Amino acid sequence: MAADATPLYDVRNIGIIAHIDAGKTTTTERILFYTGVIHKMGSVDDGNATMDWMEQEQERGITITAANTTCFWNKKKINIIDTPGHVDFTIEVERSLKVLDGAVIVLCGTSGVQSQTETVWRQADRYNVPRLAFINKLDRLGASFERVLSDVLERLGANAAAITFPDGTEDSFTGIVDVILEKYITYEDDLGVKRVLSDVPAELKDKLKQYRHTLIERLADADDEIADKFLEEKEISVEDIKKAIRRGTIKGAFLPVLCGSSLKNKGVQLVLDAVCDYLPSPLDVPPVKGIDPATKEEITRPPSAGAPLSALVFKIATDPYVGKLFFTRIYSGKIISGEGVYNSTQQVKERISKIVIMHANKQEIVPKAEAGEIVALVGIKESKSGDTLCDQEKKILLENMRIPEPVVSMSIEPKTKADQDKMGFTLKKFLDEDPSLRVHYDHETAQTIISGMGELHLEIIIDRMRREFNLETNIGRPQVAYKETVTRKVDDVVGKHISQSGGRGQYGHVVINVEPAQERGKGVEFINKIKGGAIPREFIPGVEKGIKDAASAGVLAGYPVTDLIVTLIDGSYHDVDSNELAFQLAAKFALREALQKGKSVFLEPIMDIEAVAPEEFMGAVVGDLQTRRAKIVNMGTRGKIKTARCEVPLAEMFNYANAVRSLTQGRATFSMEPAFYAEVPQYVADKIIGAHQEALGKKG
C-alpha cells in the first residue's frame with residue numbers, strides 16, 4: 001500500500017515500551033500476525049521473532065535495536081517501533097519516544113512495575129507521549145492483575161483504570177471481561193484469531209460493576225464532560241466513555257489498562273482496538289516546535305503535507321544490501337524520492353535516492369512520504385542521528401534528543417596492526433548509528449577507549465565488529481567512567497601563554513573564576529564577563545575551546561571534568577602577537593591551575609538496582625550488596641518473592657550476574673540502571689590514582 005493512501009487521522013505512530021522480559025517482542029509478534037503482516041508467529045525463545053532480526057538478539061533472546069514495522073487494523077495504519085527493555089540500550093527508547101505519538105507500555109503480570117518500567121515511563125513523560133498499559137503474562141505462576149494495577153497507581157503515579165480485566169490467572173486464566181461493553185470474551189481457537197463475545201458470567205458481575213464504577217470515577221477526574229454527567233447522575237453511554245478515554249489519554253490525564261497473555265494469544269487484539277480508539281493520530285498531537293536558524297525565534301509546523309518540510313533523522317542503521325538507512329519522522333511537508341532536502345543541523349544539501357517503509361529488516365520502496373510518516377531514507381550522506389531535514393527556503397531546526405552519559409569504558413585495539421585503519425572506519429560507522437557510544441584516544445596511555453551504557457552495550461559492539469566487519473580485537477577490562485570535579489570556588493586564576501621565538505610571537509592572557517555547579521549533570525558551563533574589550537570578542541571562542549579541551553582530562557587521573565562553572569573575568573592581549581590559539585592555550589593552563597587549587601575529587605556513577613529473589617535467599621543477596629557499598633533504599637514483597645531497591649556504585653557491580661546466580665541457585669533476578677554521580681570515598685580515590693600511575697608506568 002502506498003505511503004500516501006491513508007488519511008492522517010487514520011495513522012498511529014506507536015512504540016512498544018517496557019522493562020526487559022515483560023513480553024514486548026512477543027506482543028509485537030502477535031500484532032503482526034493478527035494484522036496479516038506475517039502468517040506464522042515467531043518466538044523470542046526459539047530465536048525467530050520477526051522484530052529481533054539481529055543475530056545477537058536471536059542468541060540472547062533480548063531486543064537490542066528498535067525495529068520498525070507498519071501494519072493495518074480497523075482501517076487504521078499503525079507504524080510500530082518495538083524498543084529494547086535493557087538499560088544498556090536506553091538510547092533506542094529515548095530516540096523512539098522522541099518521534100512517536102503514542103506508546104503501549106507492557107507490564108509483566110508477575111513482576112509488575114520494575115525499575116526499567118519507571119525509566120521508560122519517565123522518558124515518555126519527558127516527551128509527553130500518551131500511552132496505554134497492557135498487563136501481560138497473566139498465565140504465569142504468581143500473576144496478579146490487581147497487584148500490578150495497584151503498582152501502576154502507586155509507583156507510576158498514573159490516573160489509571162482497567163478497561164478489561166481477566167477471568168482468573170495462572171492456569172485458570174480463561175477469558176477477558178470488557179468493562180466498557182460489559183461483555184465476556186473467549187477465543188474459538190488456540191491462535192486467538194476468532195473472538196467470541198458473550199454475556200458476563202453471574203459470578204463476575206459484581207467485579208465488573210466495581211471496575212466500571214472505578215473507570216467512570218477516574219475518567220471524571222480527567223474529563224469535564226464525564227465529571228458533569230457523573231455528578232448529575234446522568235446515564236453515561238458506551239460512546240461517552242470511549243470519547244472520554246480518548247480525550248483523557250491524548251492529554252496524558254488518563255491511562256487505560258488492558259490485560260492478557262501474548263504468549264497464549266489472549267488480549268492482543270483488544271490492545272490493537274485500543275491503539276486505534278484511544279491513541280492519537282499525528283493530527284491530535286501539538287504541532288512540532290523548532291527554531292529559525294537565522295533569527296533563533298521559535299516556529300511551529302502543522303502536521304500537513306502542504307506545510308514546509310520538517311523531519312527528524314532519529315536513527316541510522318546499516319543494511320548489507322542497501323547501505324545506510326536513515327530512519328526519519330516527517331512532521332510536516334513531504335519528501336519525494338530523487339529530490340533534494342536541506343539538513344539545517346549540518347547546513348548541507350542532501351539528495352534522497354530512495355524512500356522505504358520498513359517491515360523489521362525488510363523494505364517496501366515508495367515514491368514519496370508525507371507528514372505523519374515514519375520512513376527510512378537511502379542516499380543521504382552527511383546526516384547524523386538527531387539532525388533536522390527541511391526546505392532550504394523555509395529552514396527550521398528541531399530539538400535534538402537527550403543523549404545519556406556513558407558509564408563504562410574499555411580499551412580496544414585490533415589484533416593486527418594492519419587492521420588499525422579498518423577499526424577506525426568501523427568505529428566511525430557505529431558512532432554514526434549510536435549516539436550513546438563514545439570513542440576517544442588516550443594520549444597518555446596510547447590507547448583507543450570506547451565508552452557506553454554498560455558491559456552488554458560494549459560487548460555487542462565488539463561482537464558486531466567481529467561478525468559484520470570480520471575484525472578481531474583485543475579488549476581491556478571494563479572500566480568505570482569516573483569523572484572529576486572541584487569542591488570549592490577558586491577566584492582570579494591566571495593563565496598566560498607568551499612565546500617569542502623570532503618573527504611573530506604568541507600572546508594570550510586570561511583570568512578566570514571556577515566554582516562547583518549547584519546540581520550534578522551540568523557538565524562545564526562557560527560564562528563570559530569580559531568588559532571594556534580587555535580581550536577582543538574574536539578571541540573568546542578560543543578561550544571557551546581551551547576550557548573545554550582542558551576539561552576533557554582532569555588533573556587527578558585524566559578523567560573528564562564535569563559540574564563546574566568557569567567565568568572569564570579579565571585578561572589582556574597584544575595588538576600583533578595575540579591570536580585565537582594563544583588564548584586557547586592560556587585558558588587551558590588557567591583551568592588546569594584552577595583544578596589543582598580547587599581540591600579536585602572523583603565522581604563515580606551510582607546505579608539504581610532492584611534485586612528480586614525468593615524470601616529464603618534475600619538475606620544473602622542484601623548481605624552481598626552491602627559488601628559492595630550498597631545503600632538500601634527500600635525492601636518490599638511482591639507475591640511470594642522479596643524485592644530490594646538500592647543504590648550501588650557501578651565499580652562494585654562488574655560480574656554481579658554470576659555472583660547473584662551462585663548465591664541464589666539461579667533463582668534471583670536483578671535490573672540495574674544509571675541513577676546519578678556521587679563523590680567517591682578517599683580509599684577508592686587512592687586506588688584509582690594508583691591504577692592510573694601504573695598504566696602510565698607500563699606505557700613508559
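Heavy atoms only: backbone and side chains are in, while hydrogens, waters and symmetry mates are out. The shown structure was predicted, so the numbers you read here are calculated from the model rather than taken from an experiment.
Crowding of K548 atom NZ: a count of heavy atoms from other residues, nucleotides or ligands under 6.0 Å exceeding 12. Within a 6.0 Å sphere centred on CZ of F425, heavy atoms belonging to other residues, nucleotides or ligands number 12 at most. For Y677, the OH atom is densely surrounded, since the number of other residues' heavy atoms within 6.0 Å is greater than 12.
The side-chain heavy atoms of D575 and Y573, taken from C-beta on, include a pair separated by under 4.5 Å. Using a 4.5 Å cut-off on side-chain heavy atoms (C-beta onward), Y331 and L398 make contact. In this structure, K422 and N470 have side chains that are in contact, with non-hydrogen atoms separated by less than 4.5 Å. Looking only at side-chain heavy atoms (C-beta outward), Q346 and D387 come within less than 4.5 Å of each other. Residues M423 and F469 fail the side-chain proximity criterion, which asks for heavy atoms closer than 4.5 Å. Side-chain contact between F430 and M465 is present, with heavy atoms from C-beta onward closer than 4.5 Å. Looking only at side-chain heavy atoms (C-beta outward), V313 and K384 stay at 4.5 Å or farther from each other. The side-chain heavy atoms of D292 and I396, taken from C-beta on, include no pair separated by under 4.5 Å.
Seen from the ring of F326, K315 does not count as a face-on cation partner, given the 6.0 Å and 45° thresholds.
Looking at E580 and K545, no side-chain N of the basic residue comes within less than 4.0 Å of a carboxylate O on the acidic one, giving no salt bridge. Salt bridge R122/D125: absent, no basic N to carboxylate O contact under 4.0 Å.
Atom CD1 of residue I330 and atom CG of residue L377 lie 6.5 Å apart, to the nearest 0.5 angstrom. The CZ atom of F602 sits 8.5 Å away from atom OH of Y482, with the distance rounded to the nearest 0.5 Å. Annotation: the span from L471 atom CG to D419 atom CG amounts to 5.0 Å, rounded to 0.5 Å. For the atom pair NZ of K597 and CG of D491, the computed distance is 10.5 Å after rounding to the nearest 0.5 Å. One finds the OG1 atom of T328 at 9.5 Å from the CD1 atom of I355 (value rounded to the nearest 0.5 Å). Remark: Q584 CD to H497 NE2 distance equals 10.0 Å, nearest 0.5 Å.
The shortest heavy-atom contact between Q347 and Y342 is CA-OH, 3.2 Å. When all heavy atoms of S600 and L556 are compared, the closest pair comes out as O-CD1, 3.5 Å. Nearest approach of V566 to L591, heavy atoms of both residues: CG2-CD1, 4.0 Å. Smallest separation of non-hydrogen atoms from S451 and S409: OG-OG, 2.8 Å. A pairwise comparison of heavy atoms in P303 and A371 identifies C-CB, 3.9 Å as the closest pair. Of all heavy-atom pairs between V490 and A594, the closest is CG2-O, 3.9 Å.
N343 contributes a side-chain N or O that, together with a main-chain N or O of T345, makes up a donor-acceptor pair within less than 3.5 Å. Distance alone, capped at 3.5 Å, places no donor-acceptor pair between the E647 side chain and the M607 backbone. No donor-acceptor pair closer than 3.5 Å links the side chain of E413 to the backbone N or O of T473. Looking only at distances, no side-chain donor or acceptor of S552 sits under 3.5 Å from a matching main-chain atom of P560. For the pair S332 (side chain) and S310 (backbone), a donor-acceptor distance under 3.5 Å is present. Of the possible donor and acceptor atoms, one in the side chain of T485 sits under 3.5 Å from a partner among the backbone N and O of T562. Although no hydrogens or angles enter the test, the distance criterion places a donor-acceptor pair under 3.5 Å between the side chain of R329 and the main chain of V99. Between the side chain of T295 and the backbone N or O of E297, at least one donor-acceptor pair lies under 3.5 Å. Of the possible donor and acceptor atoms, one in the side chain of N579 sits under 3.5 Å from a partner among the backbone N and O of A582. Between the side chain of K381 and the backbone N or O of G379 there is at least one donor-acceptor pair closer than 3.5 Å.
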Check against side-chain contact (heavy atoms from CB on, under 4.5 Å), Y441 and I449: CA-CA 6 Å; Y441 185 75; I449 307 292; over 6 Å; no

Worked check of side-chain contact (heavy atoms from CB on, under 4.5 Å) between V680 and V601: CA-CA 8 Å; V680 306; V601 293; over 6 Å; no

CA sep, side-chain torsions, deciding dist, call: E604, K483, salt bridge (charged side-chain N to carboxylate O under 4.0 Å, His left out): CA-CA 7 Å; E604 64 181 343; K483 293 187 187 299; over 6 Å; no

Candidate pair R301 and K394, rule side-chain contact (heavy atoms from CB on, under 4.5 Å), full reasoning: CA-CA 11 Å; R301 291 274 192 267; K394 297 273 178 70; 3.8 Å; yes

Audit row: I461, L437, side-chain contact (heavy atoms from CB on, under 4.5 Å) steps and yes/no: CA-CA 9 Å; I461 294 289; L437 179 70; 4.1 Å; yes

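Between the side chains of E350 and S383, a donor-acceptor pair is found at a separation under 3.5 Å.
Residues satisfying the side chain to side chain donor-acceptor pair (under 3.5 Å) criterion with S411, sequence neighbours excluded, are absent altogether.
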Donor-acceptor pairs under 3.5 Å, side chain of residues 505-516 to any protein atom, not counting sequence neighbours: which ones?
unit_1: Y507; atom_1: OH; unit_2: S572; atom_2: OG; d: 2.7
unit_1: H509; atom_1: ND1; unit_2: S572; atom_2: N; d: 3.3
unit_1: H509; atom_1: ND1; unit_2: S572; atom_2: OG; d: 2.6
unit_1: N513; atom_1: OD1; unit_2: D492; atom_2: N; d: 2.8

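When each of L458, I475, V439 is paired with I412, the side-chain contact (heavy atoms from CB on, under 4.5 Å) condition holds for I475 and for no other.
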